[in-house]
Number of protein chains: 2
Amino acid sequence: MDLNERAKKVLQAVIDNYIQTGAPVGSAVLARSYDFSLSSATLRNIMADLEELGYLTHPHTSAGRVPTDKGYRYYIDALISVEHDTAGISRQMEQAAVLQSGEIGQLMEEASHFLAKLSHHTGVVVAPAEPEGRYKHIEFVRLRGNQVLIIFVTNTGAVLNKLVEMDETVPQHELNAFSSYLDEELEQHSLSEVRQRLVERLREEKAGFFRLLEQTHRASQEVRERDSDKVYIGGASQIFDSPEFADIEKMRSLFRAFEDRYKLVKLLDKTSAAEGIKVFIGSENPFFEMQGCSLVVGNYQAGNVVGTLGVIGPVRMQYRQVIQVVDYTSRLLSRILDERLKKGIER
Amino acid sequence: MDLNERAKKVLQAVIDNYIQTGAPVGSAVLARSYDFSLSSATLRNIMADLEELGYLTHPHTSAGRVPTDKGYRYYIDALISVEHDTAGISRQMEQAAVLQSGEIGQLMEEASHFLAKLSHHTGVVVAPAEPEGRYKHIEFVRLRGNQVLIIFVTNTGAVLNKLVEMDETVPQHELNAFSSYLDEELEQHSLSEVRQRLVERLREEKAGFFRLLEQTHRASQEVRERDSDKVYIGGASQIFDSPEFADIEKMRSLFRAFEDRYKLVKLLDKTSAAEGIKVFIGSENPFFEMQGCSLVVGNYQAGNVVGTLGVIGPVRMQYRQVIQVVDYTSRLLSRILDERLKKGIER
DNA sequence: CTTAGCACTCAAACTTTGTGAGTGCTAAGA
DNA sequence: TCTTAGCACTCACAAAGTTTGAGTGCTAAG
């Protein structure tokens with residue numbers, strides 16, 4: 001909070017050095033490597049102060065200093081405002097960025113690997129809660145007497161489907177008629193509007209298509225739940241390269257966490273309320289205590305569809321770089337999705 | 001090969017014990033725990049013989065015996081023929097087996113977790129190269145001037161789709177006409193037959209639908225490649241519970257292997273030519289050297305659609321149990337798929 | 001052919017010792 | 001009042017030494 005200029009610089013130097021080397025930073029190294037024109041003894045005093053204020057700690061009496069979570073927090077808050085250079089590194093990313101898969105799931109998968117590759121940690125992408133695009137067409141295919149397959153198509157080419165069992169046999173031509181009816185009724189509405197409209201129609205409709213309408217409505221909801229919030233994890237094995245996870249127990253709990261996709265979604269969703277890139281350091285982590293993990297999260301969006309993506313790594317990570325990577329990737333993904341959307345909207 | 005009865009029993013006992021405890025088996029333990037009515041000295045002699053023949057080894061001079069891959073091989077070959085009891089354990093499985101997801105991808109995902117849970121190792125399921133079911137319906141949806149979404153539906157409710165860009169604008173009513181034409185032409189054929197027929201039509205057809213037919217054919221192939229051979233991995237973190245993978249390097253290479261899905265498919269496919277359950281022990285492993293891993297693989301099938309599934313774990317695994325689990329799961333999955341197929345076929 | 005006995009081996013666990021990076025404190029200098 | 005040299009002290013880590021005990025191979029007697 002109220003640190004004088006000199007103390008700030010020392011803190012920054014300690015953290016920089018620690019992030020680089022991973023070893024506790026001693027006063028001598030500090031005096032040598034950075035030109036404070038101060039002796040190690042003075043630096044020792046300053047570091048002692050910083051420790052008192054809670055920004056640094058001691059692993060043990062005669063070791064160098066290590067940043068606390070609070071220290072990292074300060075470091076990053078001071079940092080983020082400064083950094084917005086997207087020139088050099090960004091170009092390198094541009095080259096690596098060949099995200100052009102047609103299928104949306106595959107695109108997200110690739111994005112997660114992209115994050116992992118550039119950040120050297122684990123990349124996570126959560127698919128949007130709502131598929132992109134607007135209602136374009138519905139199709140009912142009768143399979144067996146009572147089985148009907150309901151297929152929703154959006155103008156961006158997303159296809160959602162659900163198999164339902166009807167109480168009674170409905171002939172195909174009736175299904176077709178109903179499909180045409182809905183096509184007119186729902187055209188160009190977003191999927192959440194579609195669900196709403198279906199409810200309204202359900203209230204009005206007395207007979208005839210009632211059962212079918214009901215099933216369609218239910219399908220529209222289930223399909224949404226099933227296809228949304230999918231999690232794509234890329235480069236989980238990067239964890240092995242972080243010496244802080246050398247401890248088997250830590251590693252195990254992390255991998256367990258990765259397998260529990262549901263919790264992961266919750267975690268990321270919870271963190272991603274606001275705009276821009278956010279960083280969660282160690283214990284700040286809002287959900288389960290991911291041992292010594294930091295989280296860099298961002299959003300991507302196209303139209304009113306919003307998804308989350310981020311990087312999970314050790315507290316000691318190269319925040320500058322990782323923040324840039326997440327930032328870049330979120331923009332990239334937004335752009336790609338936006339293009340798909342636009343293509344679909346011109347009709 | 002030509003072991004006398006006594007030697008066989010000793011070998012079996014050594015391996016049993018080693019699988020249980022994980023520690024090298026000494027002659028004293030053997031004499032105590034199993035009633036050979038032989039002294040430890042005699043057992044030592046027998047074990048020395050078995051070592052000479054390559055079934056056992058020494059980690060170092062003064063340690064107990066450990067089975068070699070060859071030893072395991074012998075053990076399993078002698079074992080598999082014997083075991084076919086599906087009574088006791090199977091019932092327990094039956095209870096745990098609540099695989100009833102509607103969506104096929106989800107079903108496979110669940111199956112992989114089922115395998116992992118019961119075997120206490122990592123479960124793997126490879127989706128069939130060809131989706132189940134027979135051609136039922138095709139739908140063309142025009143999105144934008146030249147963009148057309150092609151949707152295949154099978155009689156089991158599988159939905160495959162591909163977005164294509166046409167050279168010229170095709171009005172929706174023409175698309176509908178073409179769809180009706182194909183529906184008559186292709187009804188009830190398997191998807192591989194469909195592809196073949198499309199090629200034939202391509203040869204004959206001179207004008208009109210030619211471009212559309214071409215695109216449809218291409219889509220039918222791409223869709224197949226994209227949706228097939230997906231790999232579902234369940235319980236990768238079980239690896240942490242095997243002390244043999246305590247070595248970080250081993251663990252890393254395993255997780256890397258899991259991330260490289262393509263290689264995994266190759267591996268499993270290569271092993272699954274024949275019927276029944278197969279076991280690959282350590283170095284027998286036909287593809288990359290998965291460090292100290294054994295592989296228990298089986299097939300599942302419905303109609304002429306065949307997929308592979310299996311368990312990956314340390315060489316020291318409870319083969320009896322794992323074999324049963326794989327066997328059971330493959331039957332279970334076959335049955336579920338078969339039912340889906342039948343439901344679809346009665347039209 | 002089996003077995004008791006015995007010397008020998010060697011990994012793993014524990015202990016000991018040395019080393020050095022780093023600290024905190026004090027007192028002198030600017 | 002702030003800075004700095006000096007010095008005693010601390011403590012993780014590594015290397016070397018020590019102990020322990022499970023287990024072997026061999027031999028000679030039953």
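Everything quoted here is computed from the prediction, not taken from an experiment. Order of the sequence lines fixes the chain letters, A, B, ..., with proteins taken first and strands second; residue numbering starts at 1 for each chain.
Under the Watson-Crick or G-U wobble criterion, with both distances below 3.5 Å, C/dT17 is paired with D/dA14. Nucleotide D/dT20 forms a Watson-Crick or G-U wobble pair with C/dA11, both donor-acceptor distances falling under 3.5 Å. With a cut-off of 3.5 Å on both Watson-Crick or G-U wobble distances, the partner of D/dT4 is given as C/dA27.
In this structure, the nucleotide among C/dG22, C/dT23, D/dC11 sitting nearest to the side chain of A/His60 is D/dC11. Considering only side-chain atoms of B/Asn45, the nucleotide from D/dA22, D/dT4, C/dT3 that sits closest is C/dT3. Across C/dT2, D/dA12, D/dT24, the shortest atom-to-atom separation from the side chain of B/Arg6 is found for C/dT2. The B/Thr61 side chain lies nearest to C/dT9 when the options are C/dT9, C/dA4, D/dG23. Side-chain proximity of B/Arg65 to C/dT23, D/dC11, D/dG25: nearest is D/dG25. Listed nucleotides C/dT2, C/dT23, D/dT4 differ in distance to B/Thr42; the shortest reach to its side chain belongs to C/dT2.
With hydrogens and angles disregarded, no donor-acceptor distance shorter than 3.5 Å links the side chain of A/Ser33 to the backbone of A/Leu30. Between the A/Gln318 side chain and the A/Ser119 main chain, no donor and acceptor come within less than 3.5 Å of each other. Of the possible polar contacts, none joining the A/Arg65 side chain to the A/Val25 backbone as a donor-acceptor pair under 3.5 Å is found.
Look at CZ on B/Arg32: it is 9 Å from P on D/dA22, rounded to the nearest Å. Taking atom CG on B/Asp49 and atom P on C/dC1, their separation rounds to 11 Å, with Å as the unit. Counting to the nearest Å, the P atom of C/dG24 and the CE atom of A/Met47 are 9 Å from each other. Atom CG of A/Leu30 and atom P of D/dT4 are 14 Å apart (whole Å). In this entry the distance linking CD1 of A/Ile46 with P of D/dC2 reads 12 Å, nearest Å. Atoms CG (A/Asn4) and C1' (D/dC2) sit 13 Å apart, rounded to a whole Å. A/Leu38 places its CG atom 14 Å from the P atom of D/dC2, with the value rounded to the nearest Å. Note: CG (B/Leu50) to P (D/dT24) measures 13 Å, nearest angstrom.
Within 4.0 Å of B/Ser40, counting heavy atoms only, lies no atom of the nucleic acid at all.
Residue whose closest nucleotide on DNA chain C sits further toward the 5' end, between A/Glu51 and B/Arg44: B/Arg44.
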Evaluation steps, side-chain contact (heavy atoms from CB on, under 4.5 Å), between B/Leu268 and B/Val297:
CA-CA 7 Å; B/Leu268 288 220; B/Val297 273; 4.0 Å; yes
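At a cut-off of 3.5 angstrom, the base of C/dT3 holds no donor-acceptor pair with the side chain of B/Ser39. Judged by distance alone, with hydrogens and angles left aside, A/Ser62 brings a side-chain donor or acceptor within reach of the base of D/dT10, the pair sitting under 3.5 Å.
For the atom pair CG of A/Leu50 and CG of A/Leu43, the computed distance is 10.5 Å after rounding to the nearest 0.5 Å. Distance check, rounded to the nearest 0.5 Å: CG of B/Asp69 to OG of B/Ser283 gives 4.0 Å.
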